[in-house]
Every structure is written in structure tokens, then in C-alpha cells.
Amino acid sequence: MEKKRFSIVKKFPIFAIISLILIAPGLIGLVTLPFGLNLFNMDVDFVGGTSMTFNLHTEVTSEMSGEEIPQLVENACGVAPSTVQKTGENNESVLIKCTELDNGQQTAVVNAMQEKYSLTDEDTESVEHVNATIGREAQNKAVTAAVIAVLLMLLYITIRFEFTSGLAAVTCLAHDLLVILSAYIVLRIPFNTTFIAVALTILGYSINASIIVFDRIRENRRFARRESFEDTVEVSVWQTVRRTLFTSITTLLTIGMIFIFGVTSLRQFTLPIIIGIVAGGYSSIFLAGSLWAKYRGMLRKNRRAKASAKLASRDAGKPKTASETEESKADAPVPEAQPAPATPAPASAAAPAQRRNNSKKNKRKKKKH
């Protein structure tokens with residue numbers, strides 16, 4: 001076995017503590033959400049808001065939709081728009097979505113747009129309230145799709161490997177999603193329908209990275225029957241580290257370019273994906289194999305405990321056989337024998353014996369003579 005600088009499996013508690021710190025904001029935000037405490041920066045798609053459309057009579061460039069117009073709207077009403085995108089046949093119109101604005105804020109935005117781009121009242125195509133019903137429907141469908149996907153993944157991994165490896169993979173999936181939720185809370189990324197695409201993307205990436213580690217563990221297990229399962233996991237994880245790192249770096253290079261050179265809406269989409277890819281690589285290296293070993297050991301320990309309890313209850317309720325009864329009697333302590341008191345022999349019994357001894361002595365004397 002190759003010697004490494006440190007043991008990933010043995011130092012699993014350290015990585016578990018790091019993971020708990022990373023997922024804590026997302027877990028708290030998810031738990032408190034049903035109780036009315038919203039820690040997320042909810043976008044119009046989920047909470048509703050105000051939608052405004054302006055015809056600029058010129059093509060809306062990426063610079064205008066990415067920086068110029070969002071800054072203009074924020075300076076006018078004090079609220080940063082969640083979405084600014086070009087629309088229309090020739091991309092000459094712009095759609096601005098914000099959280100709920102009152103009449104004064106709406107008027108301030110309209111005046112700022114008219115002054116900046118020399119627009120008239122007719123160029124303001126619409127100013128309306130956006131209902132969040134569509135967002136809720138998409139949310140319910142996304143949750144259903146994610147649950148079905150996770151169950152199918154668990155079934156597939158259980159068939160291909162074993163049930164405990166499936167539990168480890170699902171735990172890593174939950175870890176990666178909670179890390180992304182923590183990023184949404186800490187970095188105040190607008191929480192909109194793009195999260196659905198981000199979550200499903202990370203689900204596929206994370207499960208693929210975990211399966212690579214599990215497949216190497218299974219291959220090494222065939223030729224290392226005498227080694228403990230933890231040692232096999234240790235060797236397998238180190239053998240897949242380079243591949244996992246190269247895959248993650250290659251993916252990050254592509255998405256990183258989109259994040260650097262993209263507009264604001266693309267950055268809001270690519271930043272959670274970048275965080276999810278890093279979290280998926282971390283969980284596949286430091287958590288997946290160790291969790292499999294932990295779950296496998298817990299399951300076997302539980303089976304042994306149940307088997308022992310079942311055997312003990314069966315022995316307690318079964319009647320003892322004759323041989324077991326004799327053995328128990330033999331094992332019981334035997335009391336010490338008390339010496340019997342000496343009793344004198346009766347005279348009637350001693351007289352015949354005395355006459356036989358005298359006759360034998362007389363016969364010996366006659367033979368000598």
C-alpha cells in the first residue's frame with residue numbers, strides 16, 4: 001500500500017466539521033423558511049414584483065443591460081433590479097424586473113429612463129405587477145423532479161454497488177446543494193428560477209464525481225480481500241484525486257470565462273455553478289468514500305447486534321434439554337462429604353469371623369509339623 005502524507009478516512013471528522021460550517025447558513029435558511037424567516041434574496045419569480053418594459057428605438061447592447069441600466073434603476077429608486085434583459089424583434093426593447101415598487105419608485109424609474117434615452121410616454125410599453133404563481137409552480141415541479149432524480153440515483157447506485165454507497169452519494173448531493181444555498185444567502189445572489197437549473201446541474205456533476213470514486217473502490221476491493229475496507233477506500237481516493245481535480249479545473253475554466261466576460265444575469269447563474277463544482281469535487285474526495293466506509297461499518301455493526309439479540313432471546317425462551325440439565329447439575333457445586341461416625345461392630349457378627357481366623361491358624365501349624 002502506498003504511503004500518503006495524511007489519511008483522508010481517518011481524518012474524516014475534520015472534513016465533516018468543515019462541511020458543517022459550509023452548509024450551516026443554507027441549512028438554517030432552509031429550516032427557518034417555513035416559519036416566515038426568509039434569509040434568501042428572493043427574486044420576482046418567487047415573491048412577485050414590478051415589471052417595466054421600455055422601447056429604446058435602438059439595439060440594447062450587453063453593456064447597457066449588464067451595467068448601465070441596472071445602475072440607473074438603482075440610483076433612481078434605491079432598489080437594484082433582479083433582471084434586465086433585451087426583448088423585442090430587433091432587441092430594441094428592455095425588460096426590467098424589480099421587487100415590489102410603490103408608485104413613487106415606479107415614477108422615478110420611468111423619469112430616469114426617459115431622461116437618459118430621450119423617451120416619451122408612449123415608449124413606456126408596460127409597468128405592471130408580476131405574480132409569483134408561475135414561480136411557485138416551477139418550484140413545485142423542480143422539487144418533484146429533484147426528488148425523483150435522487151431516488152432513481154439511489155436505486156441505480158444500490159444495484160451497481162451496494163445500499164450504503166447509495167446513502168453516501170445522496171449525502172454528498174445534499175451537502176453540495178446546501179453549500180450552494182449558503183452561497184445564495186451569504187453572497188446575496190438573487191434567488192430565482194435559475195436556481196432550478198443550477199441545482200439540477202450540480203446534482204448531475206456531483207453524482208458523477210462520486211461514482212468515479214465508488215467504481216475505483218469496487219475494482220480495488222476485488223484484489224485486496226485481505227485489507228480492511230477503510231484501507232481500500234484510502235488507496236482508491238488517492239488514485240482518483242488527480243482525475244477529479246483535472247475534471248473540475250477544466251470545467252471551471254469554461255464557466256469562469258462566462259462569469260468574467262458575461263453580463264450580470266449570466267454571472268448570477270454561473271457563480272453558483274462554480275461554487276457547486278468546487279463543492280462537488282470536495283465532497284467526492286473527502287466525503288464520499290469515507291461516508292461509504294462509515295455507513296458500511298454502522299450497518300454491519302447493527303446487523304451483528306440484532307443477530308446477537310435474536311440469538312439471546314431465542315436461547316432464553318427455549319426449554320432446556322436433558323443433557324443441558326445434567327450439565328447444569330454437574331456444574332453446580334458439590335457439598336463436601338461429612339465423615340460418618342465410627343460404630344462398633346455387633347458381637348454376633350464378629351464371632352464367626354474370629355472362629356474362621358482361628359481355624360486357619362491351626363491348619364498352618366499342622367502343616368509345619
Least distance between heavy atoms, F214 atom then A168 atom:
CZ-CB, 4.0 Å

Check residues 70-80 and write down every donor-acceptor pair under 3.5 Å in which the side-chain atom is one partner and the other belongs to a residue at least two apart or another chain.
from	atom 1	to	atom 2	distance (Å)
Q71	NE2	N75	OD1	3.2
N75	ND2	Q71	O	3.1

Report yes if some heavy atom in the side chain of V94 is under 4.5 Å from a heavy atom in the side chain of T53; otherwise report no.
no

Minimum heavy-atom distance between T32 and G29, given as atom pair plus value:
OG1-O, 3.4 Å

Interatomic spacing from CG in L95 to CD in Q85 - rounded to 0.5 Å:
5.0 Å

Mind running side chain to side chain contact (heavy atoms under 4.5 Å, CB included) on N41 and R188 for me, showing each step along the way?
CA-CA 6 Å; N41 183 18; R188 306 307 297 167; 3.7 Å; yes

Does some side-chain heavy atom of T124 sit less than 4.5 Å from a side-chain heavy atom of Q114?
yes

When you check the gap from the basic side-chain N to the acidic O, do R160 and D215 get nearer than 4.0 Å?
yes

Tell me, do F286 and I8 make a side-chain contact under 4.5 Å, heavy atoms counted?
yes

Considering only distance and modelled atom types, tabulate donor-acceptor pairs under 3.5 Å from the side chains of residues 272-282, sequence neighbours left out.
from	atom 1	to	atom 2	distance (Å)
Y282	OH	F15	O	3.0

Decide yes or no for T171 and L287: does some side-chain heavy atom of the first lie under 4.5 Å from some side-chain heavy atom of the second?
no

Do the non-hydrogen side-chain atoms of V198 and I180 ever get within less than 4.5 Å of each other?
yes

Remaining members of hydrophobic cluster (4.5 Å side-chain criterion), I148
L152

R296 NZ/CZ over F229 ring centroid, <6.0 Å and within 45° of normal:
yes

Kindly give the heavy-atom pair with the smallest separation between V44 and S82, and that separation in Å.
CG2-OG, 3.6 Å

Heavy atoms of N220 and Q239 approach each other most closely as ND2-OE1, 3.0 Å

Which other residues belong to the hydrophobic cluster containing I159, where Ile, Leu, Val, Met, Phe, Trp and Tyr are joined when side-chain heavy atoms lie under 4.5 Å apart, directly or via other members?
L155

When the ring centroid of F40 is compared with that of Y184, is the distance short of 6.0 Å?
no

Does a donor on one side chain and an acceptor on the other come within less than 3.5 Å for T164 and E162?
yes

Where do P25 and I185 come nearest, in terms of heavy atoms and distance?
O-CD1, 3.2 Å

Got a sec, which pairs hit side-chain hydrogen bond (donor to acceptor under 3.5 Å, both in side chains) with one end in residues 55-66, sequence neighbours left out?
H57-D123

Would you tabulate the side-chain donor-acceptor contacts of residues 204-212 under 3.5 Å, counting partners in other chains and residues two or more places apart, or write 'none'?
from	atom 1	to	atom 2	distance (Å)
Y205	OH	S248	OG	2.7
S206	OG	D176	OD2	2.4
S210	OG	S206	O	3.2

Scan side-chain atoms only and decide if S228 and D231 contain a donor-acceptor pair under the 3.5 Å cut-off.
yes

Closest non-hydrogen atom pair between L154 and L167, with its separation
CD1-N, 3.8 Å

Is a side-chain donor or acceptor of T50 paired with a backbone partner of L101 at a separation under 3.5 angstrom?
yes

Side chains of S283 and H175: donor-acceptor distance under 3.5 Å anywhere?
no

Verify same cluster id: L33, L178 (apolar side-chain graph, 4.5 Å):
yes

Could you tell me the separation between the CD1 atom of I96 and the CD1 atom of I69, rounded to the nearest 0.5 Å?
5.5 Å

Interatomic distance, OG1@T194 vs CG@D43, rounded to 0.5 Å, equals 7.5 Å

Does E128 have more than 12 heavy atoms from other residues, nucleotides or ligands lying within 6.0 Å of its CD?
yes

